[in-house]
Trainee: 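Sending over a structure as structure tokens; questions will come in a sec.
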Amino acid sequence: MVLTRGSERPHDPLVPHFSALGTLGAGAAAVAACAVCCAGPLLAVLGGIGVTSAIGALWMPVLAVLAVAAGLGVLVVRRRRRAEVCRTVAARADLGMPTVGPPSDADGSEAAC
């Protein structure tokens, strides 16, 4: 077994020895590989969000105008329906006034009291 300098543990030549810079370099390589691999999809998602925001910014005034027009249409229709429901037709009304006198039987004869 070979002892490395500054270390009390023996170093096995079959097991790789990682230094702090080697571990940092491997981590940096992993981050760089991830950035290269994921850059395309991330840019696509961000671009899609940007395009959607631009379309929304352009169409928002149109949607606001349509919302106001729809609201006014609903108010006009409700007002017209309410006006038609409340109208009365001018006609004579039979109030069904009772006759004065003793009640009559089913056969039409006067009942004796």
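Just so you know, residue 1 is the first one in the sequence shown, and it goes up from there.
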Trainee: Which heavy-atom pair separates Leu58 from Pro61 by the least distance, and what is that distance?
Mentor: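 Leu58 and Pro61 have their closest heavy atoms at O-CD, 3.5 Å.
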Trainee: Are Leu66 and Ile55 in one and the same hydrophobic cluster, where Ile, Leu, Val, Met, Phe, Trp and Tyr link if side-chain heavy atoms are under 4.5 Å apart?
Mentor: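 Yes; tracing contacts between hydrophobic side chains, which count when under 4.5 Å, links both residues.
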Trainee: Remaining members of Val45's ILVMFWY cluster at a side-chain heavy-atom cut-off under 4.5 Å?
Mentor: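 When side chains under 4.5 Å apart are linked, the cluster holding Val45 also contains Ile49.
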Trainee: Suppose clustering is done on Ile, Leu, Val, Met, Phe, Trp and Tyr with side-chain heavy atoms closer than 4.5 Å. Which residues sit in the same group as Val68?
Mentor: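 Members besides Val68, by chain and number: Leu72.
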